[in-house]
Amino acid sequence: TQLLEQSPQFLSIQEGENLTVYCNSSSVFSSLQWYRQEPGEGPVLLVTVVTGGEVKKLKRLTFQFGDARKDSSLHITAAQPGDTGLYLCAGDPSSNTGKLIFGQGTTLQVKP
Amino acid sequence: DVKVTQSSRYLVKRTGEKVFLECVQDMDHENMFWYRQDPGLGLRLIYFSYDVKMKEKGDIPEGYSVSREKKERFSLILESASTNQTSMYLCASSPQAEYTEAFFGQGTRLTVV
């Protein structure tokens, strides 16, 4: 069974701090997505990374896919209270079945 | 704007009841999924469908069944609801493309009492 391990599970920081969330696996993924979920809502796609070593930026968010396509990270610079939410990584196994494997999620709280 | 709509945001059902959760997407996506989300466990796949009348078990199908009679609609059925099925249920759809990107509904929080 392919697994994605996310860390940390919980993060509470002050506005303006930087943070990194990690998503690790022993398996290779053809692509990896990051989603953000607010309370009472479904997850919303932030980014998809598909190439080993790829780096994508979305304003203050930087996403990286590991060279071996087994891991990924999300870095937030100067976090804002609006960044508060649950961050989920999801991997598409190499078999391209259409199924995604999700990490457990990282709950981020940014205090003003 | 792309949309996945779940029929209810909150449901309270009694143990033993048959429960239907409905999901409709307007993006003409081939793939549709049902997940349940529990704290600390992330999203776990219950069933998915890659075409009309096609279905495949996910990681936790026990106690559930699904129906996909039309491309846009995917229903999750709890044959006999139990308290351990109290959870947040999320429906998603995705196109059949090289890279899977899922679009989610707003979720249904089901409580079985």
Side-chain angles (χ1 to χ4, degrees), chain A residues 1-10 21-25 28-52 54 56 58 63 65 69 72 85-107, chain B residues 1-10 21 23-25 27 29-51 54-61 74 88-110:
Chain A
T1 305
Q2 292 172 292
L3 293 173
L4 272 171
E5 299 285 338
Q6 250 183 273
S7 63
Q9 284 201 337
F10 301 97
V21 177
Y22 299 94
C23 183
N24 295 302
S25 177
V28 174
F29 292 95
S30 63
S31 68
L32 198 138
Q33 291 91 45
W34 286 91
Y35 294 81
R36 179 165 165 262
Q37 184 179 17
E38 298 194 19
E41 301 295 330
V44 176
L45 179 68
L46 294 174
V47 77
T48 300
V49 285
V50 301
T51 306
E54 183 177 2
K56 279 192 174 178
L58 192 66
F63 305 85
F65 202 12
R69 291 187 290 134
S72 181
L86 177 68
Y87 289 83
L88 294 155
C89 65
D92 188 355
S94 299
S95 56
N96 283 337
T97 60
K99 292 190 291 184
L100 291 173
I101 295 169
F102 281 84
Q104 313 95 308
T106 296
T107 300
Chain B
D1 224 8
V2 297
K3 214 161 183 188
V4 179
T5 304
Q6 294 182 229
S7 53
S8 306
R9 293 199 73 142
Y10 301 96
L21 302 183
C23 175
V24 177
Q25 52 100 358
M27 296 165 282
H29 285 169
E30 292 80 11
N31 301 328
M32 294 190 76
F33 309 84
W34 275 106
Y35 293 90
R36 64 176 282 176
Q37 183 176 30
D38 301 287
L41 297 178
L43 274 67
R44 294 181 291 167
L45 182 64
I46 305 171
Y47 267 97
F48 77 105
S49 167
Y50 50 88
D51 201 352
M54 305 298 287
K55 61 185 179 185
E56 195 166 317
K57 292 180 180 179
D59 300 317
I60 51 165
F74 193 34
M88 168 73 103
Y89 289 87
L90 290 163
C91 174
S93 71
S94 70
Q96 271 179 3
E98 187 175 3
Y99 303 110
T100 300
E101 296 181 346
F103 296 85
F104 285 86
Q106 77 277 28
T108 297
R109 184 159 294 282
L110 173 67

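Chain naming here is simple, since letters A, B, ... match the order of the sequence lines and numbering starts at 1 in each.
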Distance in Å, B:Leu90 CG paired with A:Glu41 CD, rounded so as to fall on 0.5 Å steps: 10.5 Å
Partners passing ring-ring contact (aromatic ring centres under 6.0 Å, His included) against B:Tyr47 (at least two apart in sequence or in another chain): none
Structural part of B:Gln37 lying under 4.5 Å from a heavy atom of chain A: side chain
Under 4.5 Å from a heavy atom of chain B, the part of A:Phe10 involved: neither
More than 12 heavy atoms of other groups within 6.0 Å of B:Arg109 CZ: no
Nearest-0.5 Å distance that lies between atom NZ in A:Lys99 and atom CD in B:Glu56: 5.5 Å
Contacting moiety of A:Gln6, where chain B heavy atoms sit under 4.5 Å: neither
Spacing of B:Asp59 atom CG and A:Ile101 atom CD1 [to the nearest 0.5 Å]: 7.5 Å
Interatomic spacing from OH in B:Tyr35 to CZ in A:Phe102 - rounded to 0.5 Å: 4.5 Å
All side chain to side chain contact (heavy atoms under 4.5 Å, CB included) counterparts of A:Ser31, not counting sequence neighbours: A:Gln33, A:Thr48, A:Val50, A:Asp92, B:Tyr99
